[in-house]
Number of protein chains: 2
Amino acid sequence: MALFLSTFVNKVDRKGRVSVPATFRAALGAQRFPGIVAFSSFKFPALDCCGIDRMEELSIRHELLEQFSEDYENLSALFSGVHELPFDGEGRIVLPAHLAAHAGITEQAAFVGQGSMFQIWEPQRFEERRAAVLERVRRQGLKLPPLGRGTQ
Amino acid sequence: MALFLSTFVNKVDRKGRVSVPATFRAALGAQRFPGIVAFSSFKFPALDCCGIDRMEELSIRHELLEQFSEDYENLSALFSGVHELPFDGEGRIVLPAHLAAHAGITEQAAFVGQGSMFQIWEPQRFEERRAAVLERVRRQGLKLPPLGRGTQ
DNA sequence: TGGGTAATCATGGTATATCGTGGGTTCGAG
DNA sequence: CTCGAACCCACGATATACCATGATTACCCA
């Protein structure tokens, strides 16, 4: 199981290429598709990312849903917005202009571990977001579901 | 396992030809019939598409249904509306006039990944549809009943 | 423990191949 | 004989593969 931790800021070159942190590449392991899968976050100015494995799993679940249901269509919309970003020989990806725009990324990209997935942010925006969340945690504390009966 | 992701807009030339995105062709792999299978969507002004494999699988399931039942007849109706669209040497298909009309396609065609299948839309119409679904997702959140992917 | 060495990783540039697109031509059907 | 559809060939743009370099890190040995 892939586990993405920590945050790494890398440079985006003039061709839109950016190195995926080596530890993230290692976490992805050897999958059918050598690269990452990315889509605009519905909630943040950021990109949600994972390996193709997760998409295949999602596709299977998708087919189990009732056709024409809202959940089914929502997931269909997700598939249509997903981008497959292959690694080049050096472990870099090319950020499509549309995705970079959604995240406001120009010079640098922050790779943010999120456990089973990771996100890509514009570093400055992420820092602000992070500070805000930390503040909330300080006020409210951190609640965790008990172990043993998954979070599903 | 075929997995169709992302959205690609290609041009329809004056002969009615349009390139199927290379990644989709790759996802189809080498099947008995080199091309795609398309039929008018029941719900949208779009075309539902897949490889011949899926139709064969559907046919098997068709046989398992009780003959003369409504479900059986519904599926029969689907088969009768299916078009086999072979690739030319460059990976293009010719959109039959009737199908193009149903989707309102003239100049351009949007190939929309839907996981195990894909759709073909008139780009402008798809954009509107996409915006509507996205809005709904933002309001309601994305529920994946069986899987539950995090906080999104 | 400290220095030296080797490996890994991020980054930059160039060359090549792929892909989408357009047009011509031949074959077959009516 | 005529029309339409499928096949073949050509081309430009773009994205991908390949190669090179500097810097940092990890490792090893003294």
Side-chain angles (χ1 to χ4, degrees), chain A residues 4-38 49 52 82-101 105-113 118 120-123, chain B residues 4-30 33-38 49 52 83-101 105-113 118 120-123 126:
Chain A
F4 303 99
L5 299 173
S6 192
T7 297
F8 304 88
V9 176
N10 285 337
K11 191 176 181 185
V12 179
D13 69 18
R14 77 178 81 172
K15 294 166 77 176
R17 295 181 300 187
V18 59
S19 286
V20 175
T23 58
F24 284 15
R25 299 202 302 265
L28 285 167
Q31 302 192 0
R32 179 177 63 75
F33 169 71
I36 72 171
V37 150
C49 307
I52 195 79
V82 163
H83 289 248
E84 296 181 78
L85 309 181
F87 292 138
D88 68 7
E90 287 69 41
R92 288 174 294 193
I93 56 170
V94 178
L95 282 182
H98 181 258
L99 291 184
I105 291 171
T106 55
E107 300 288 317
Q108 290 186 316
F111 290 78
V112 181
F118 64 94
I120 304 178
W121 286 73
E122 195 285 317
Chain B
F4 302 99
L5 300 173
S6 196
T7 297
F8 304 89
V9 175
N10 285 338
K11 192 174 181 184
V12 179
D13 69 17
R14 75 178 84 171
K15 293 181 178 179
R17 297 179 300 185
V18 59
S19 286
V20 175
T23 57
F24 284 16
R25 298 202 302 264
L28 285 167
F33 169 71
I36 72 171
V37 150
C49 308
I52 195 77
H83 290 245
E84 296 185 21
L85 310 180
F87 292 138
D88 69 7
E90 285 69 42
R92 289 174 292 194
I93 56 170
V94 177
L95 283 182
H98 180 257
L99 291 184
I105 291 171
T106 56
E107 301 287 317
Q108 291 186 315
F111 290 78
V112 181
F118 65 94
I120 305 178
W121 285 72
E122 194 285 317
F126 173 66

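Numbers restart at 1 for each chain; the letters A, B, ... are given by sequence-line order, proteins then strands.
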For this session: For B/R17, enumerate each residue passing the side-chain hydrogen bond (donor to acceptor under 3.5 Å, both in side chains) test, keeping only those at least two apart in sequence or located in another chain.
Result: B/D13
For this session: Measure from CD on A/E84 to P on C/dC19 and round the result to the nearest Å.
Result: 13 Å
For this session: May I ask you to decide if the ring planes of A/F24 and A/F4 are parallel, tilted or perpendicular, using 30° and 60° as cut-offs?
Result: perpendicular
Could you pull out the protein-nucleic contacts involving nucleotides 23-26 of chain D (nitrogen or oxygen on both sides, under 3.5 Å)?
none

For this session: Could you tell me whether a side-chain N or O of B/N10 sits under 3.5 Å from a main-chain N or O of B/V18, the two making a donor and an acceptor?
Result: no
Seminar exercise, completed: Between CD of B/Q108 and P of C/dG22 the distance, given in whole Å, is 11 Å
For this session: May I ask you to verify if any side-chain N or O of B/R14 is less than 4.0 angstrom from the OP1 or OP2 atom of D/dG4?
Result: no
Problem set entry | Side-chain (A/R25) to main-chain (A/V20) donor-acceptor, under 3.5 angstrom | yes
Exercise. Rounded to the nearest Å, what distance is computed from the CZ atom of residue A/F24 to the C1' atom of nucleotide C/dC9?
Worked result: 15 Å
Problem set entry | Nearest heavy-atom neighbours spanning B/V12 and B/T106 | CB-O, 3.6 Å
Problem set entry | Nearest-Å distance for atom pair NZ/C1', residues B/K11 and C/dG22 | 9 Å
For this session: Tell me, please, which residues at least two apart from B/E84 pass side-chain hydrogen bond (donor to acceptor under 3.5 Å, both in side chains).
Result: none
Problem set entry | side chain to side chain contact (heavy atoms under 4.5 Å, CB included) between B/F87 and B/I93, intermediate numbers included | CA-CA 5 Å; B/F87 292 138; B/I93 56 170; 3.8 Å; yes
Exercise. How many Å lie between CG on B/D13 and P on D/dG12, as a whole number?
Worked result: 19 Å
Exercise. For A/V82, does its backbone N or O pair with a side-chain atom of B/S6 as donor and acceptor, under 3.5 Å?
Worked result: yes
Exercise. Who pairs with A/R14 by salt bridge (charged side-chain N to carboxylate O under 4.0 Å, His left out), at least two apart in sequence or on another chain?
Worked result: none
For this session: Evaluate the side chain to side chain contact (heavy atoms under 4.5 Å, CB included) criterion for residues B/F8 and B/T23: first the C-alpha distance (whole Å), next the side-chain angles of each, then the deciding distance (0.1 Å), finally the verdict.
Result: CA-CA 10 Å; B/F8 304 89; B/T23 57; 3.6 Å; yes
Find every protein N or O atom lying less than 3.5 Å from an N or O atom of nucleotides 14-20 of chain D, and list the pairs.
residue, atom, partner, partner atom, Å
D/dC19, N4, A/E90, OE1, 3.2
D/dC19, N4, A/E90, OE2, 2.9

Exercise. Could you state the CD1-C1' distance from A/I93 to C/dA10, rounded to the nearest angstrom?
Worked result: 14 Å
For this session: Taking all heavy atoms of B/P123 and all of B/V9, pick out the closest pair and write down the distance.
Result: CG-CG1, 3.9 Å
Below 3.5 Å is the cut-off: list the nitrogen or oxygen pairs between protein and nucleotides 26-30 of chain C, distance only.
none

